[in-house]
Amino acid sequence: MHEQFNFAIEVLGTIAFSMSGSFAAMQKRLDPFGVLIIAFVTSVGGGTVRDLLLDIPVFWMHDLLMCALIIITSVISMVFKSLEKNFKVTLFIFDSFGLGLFTIIGIQKGLNVGIHPLICIGLGTITGCFGGIIRDILLNRIPLIFRKEIYATACIVGGAAFLLMTKYTPLSYTFIQIFTILLIVGIRTLAVKYHWQMPKFYGYDQTSEM
Amino acid sequence: MHEQFNFAIEVLGTIAFSMSGSFAAMQKRLDPFGVLIIAFVTSVGGGTVRDLLLDIPVFWMHDLLMCALIIITSVISMVFKSLEKNFKVTLFIFDSFGLGLFTIIGIQKGLNVGIHPLICIGLGTITGCFGGIIRDILLNRIPLIFRKEIYATACIVGGAAFLLMTKYTPLSYTFIQIFTILLIVGIRTLAVKYHWQMPKFYGYDQTSEM
Amino acid sequence: MHEQFNFAIEVLGTIAFSMSGSFAAMQKRLDPFGVLIIAFVTSVGGGTVRDLLLDIPVFWMHDLLMCALIIITSVISMVFKSLEKNFKVTLFIFDSFGLGLFTIIGIQKGLNVGIHPLICIGLGTITGCFGGIIRDILLNRIPLIFRKEIYATACIVGGAAFLLMTKYTPLSYTFIQIFTILLIVGIRTLAVKYHWQMPKFYGYDQTSEM
């Protein structure tokens, strides 16, 4: 059941990321193959960078099912463009759950090969966030993550909570995992609902650069 | 003869990619070393990403000849800037042949290490297209491939034809290869001649983002 | 003493790169975690690409101290924003020394695994420059290195001098290393002082693209 739970969340997360990539690409008026490529890198980008950094096999190179899922989701997004409007909330929830699970998967894969826990939080953040970063770079806009949302922050807080709980509490792994995912989803939801933003560096009017 | 044919096409393709990178960089008024770096990543970018994904040695790390070829081509492009105007058609043909062969090389390298054929089409597309994508990202413009040309489309169609023919027909490998390259060159040439474009998602006027 | 010298320079270089990333990110009004991520990639980006290309373990995955150093430096930069104004010259010197040492480290790591010296100059340049390139891509501006400064040029000239001296002179390794770093620092300092620039390709008014 534990495995099935993970698999279900990963599928939902991948679907959400593929949709988010497809919609962003359509807004930029790319052609269908462009949309497909953007959907793909949004979904697999974070995990790919993580696997390259860990020097382990890149996960999607042997996972035809995942590739098919991304492509099918992207095609459906193109056919039913209006999905975005109607399923906005659903998509946001999928995306947040995916972000939570992807963060945990990143941390876990790092721990498996003996990386220090603090660096693993970075790996988790990379897994969760880099797909969206690469998507925004390809679409030539400043990565959304750096501008608006409590996104990386949620990953880092969630990742830290996950590590502290696995180390210092006797709680079961599954419980900790679910708690972490809900924490990340909760932070993002509250942030959007109450317009939380991290403080920014206003009044920084220097134009000189090193 | 088969090997020599491949080698000749690869050399021509590399020259074309190096020139295309050099001219794009000069248009953005980079200095000579900037032009050199852009020429280099345009030529080797796709193959580098492919080799990293497959976890095989990055091809140009041990290929001094290829590196020298790229540099020399870039220097020649800088000295004879007007080449672009006069050899536009030649360059387009080189570029298309290179694209075709690079796609096939990507597919072949993937098959060699046991990747599923469908994922190999993706690898072929990456090999053909990512050099140009990285070039455009470094020059801070939205990747050309996503905007205008039948480029990725040609790779995907050509790659699919290549795989179907190797699997289901008794034709010789060399014949299939030549046919695939000509198919990719043909699609691109006809697309440019008759202003083919993939349909885009006009009327998508939403400005909201996930 | 030789090791300690290297370590000290590497620490100073990392601090400088982390500061340069932090200040650039604050100028773009990113939130604190965004600033942290930019500081991180600026510091480790070049070495990461180098290690991926060489297929050796990514250096910071097992170097908690280096990660901590980058984060602490970035936090200090955020707290004392005015540091940039007051320590501009200091930062420039750190940055140049770091650039010099990073270039040499890149060359040395390449030679260690049997890469041809000429390709190693490229590796050194990548180690020195790619952190700043990735920083600028993430902040959606055309990489500074391609526009203004004698940066890659200093790496390439310094790297070539380093290789020629190790091969053709009986000078001690430490001496050659110090000389190379001072050469790179010197080129950059003189370039800034006297407004040296590489010639650019003005008068290139074609707007057509391949």
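None of these values were measured; they are calculated from a predicted model. In what follows, every chain begins at residue 1, and chains take the letters A, B, ... in the order their sequences are listed. Computed over heavy atoms, backbone and side chain alike; hydrogens, waters and symmetry mates excluded.
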Original post:
Which bit of A:Leu52 comes within less than 4.5 Å of chain B, counting heavy atoms only: side chain, backbone, both or neither?
Top reply: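 Answer is side chain: those atoms of A:Leu52 sit under 4.5 Å from chain B.
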Original post:
For B:Ile137, is it the side chain, the backbone, both, or neither that has a heavy atom closer than 4.5 Å to a heavy atom of chain A?
Top reply: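 The side chain, not the backbone.
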Subject >> Atom pair NE2 (B:His116) and CG (A:Asp63), whose distance is rounded to the nearest 0.5 Å >> reply: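 Reported to 0.5 Å precision, the distance equals 11.5 Å.
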Subject >> Atom CZ of B:Phe59: over 12 foreign heavy atoms under 6.0 Å >> reply: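 Yes, because the 6.0 Å sphere around CZ of B:Phe59 holds more than 12 heavy atoms from other groups.
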**OP:** Answer yes or no: is there a side-chain heavy-atom contact under 4.5 Å between A:Trp60 and B:Ile119?
**Re:**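 Result yes, sub-4.5 Å side-chain heavy-atom pair found.
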Original post:
Which distance, rounded to the nearest 0.5 Å, do you find between the CD1 of B:Ile126 and the CD1 of A:Ile37?
Top reply: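 Reported to 0.5 Å precision, the distance equals 8.5 Å.
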Subject >> Heavy-atom pair count under 4.5 Å with chain A, highest-scoring of B:Asp55, B:Leu53, B:Leu123 >> reply: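 Most pairs with chain A among the choices: B:Leu53.
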Subject >> Non-hydrogen atoms of B:Ile115 and A:His62 that approach each other most closely >> reply: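 So the two residues come closest at CD1-CE1, 3.7 Å.
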**OP:** Answer with side chain, backbone, both or neither: which region of A:Asp51 has an atom nearer than 4.5 Å to a non-hydrogen atom of chain B?
**Re:**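 Looking at A:Asp51, nothing touches chain B.
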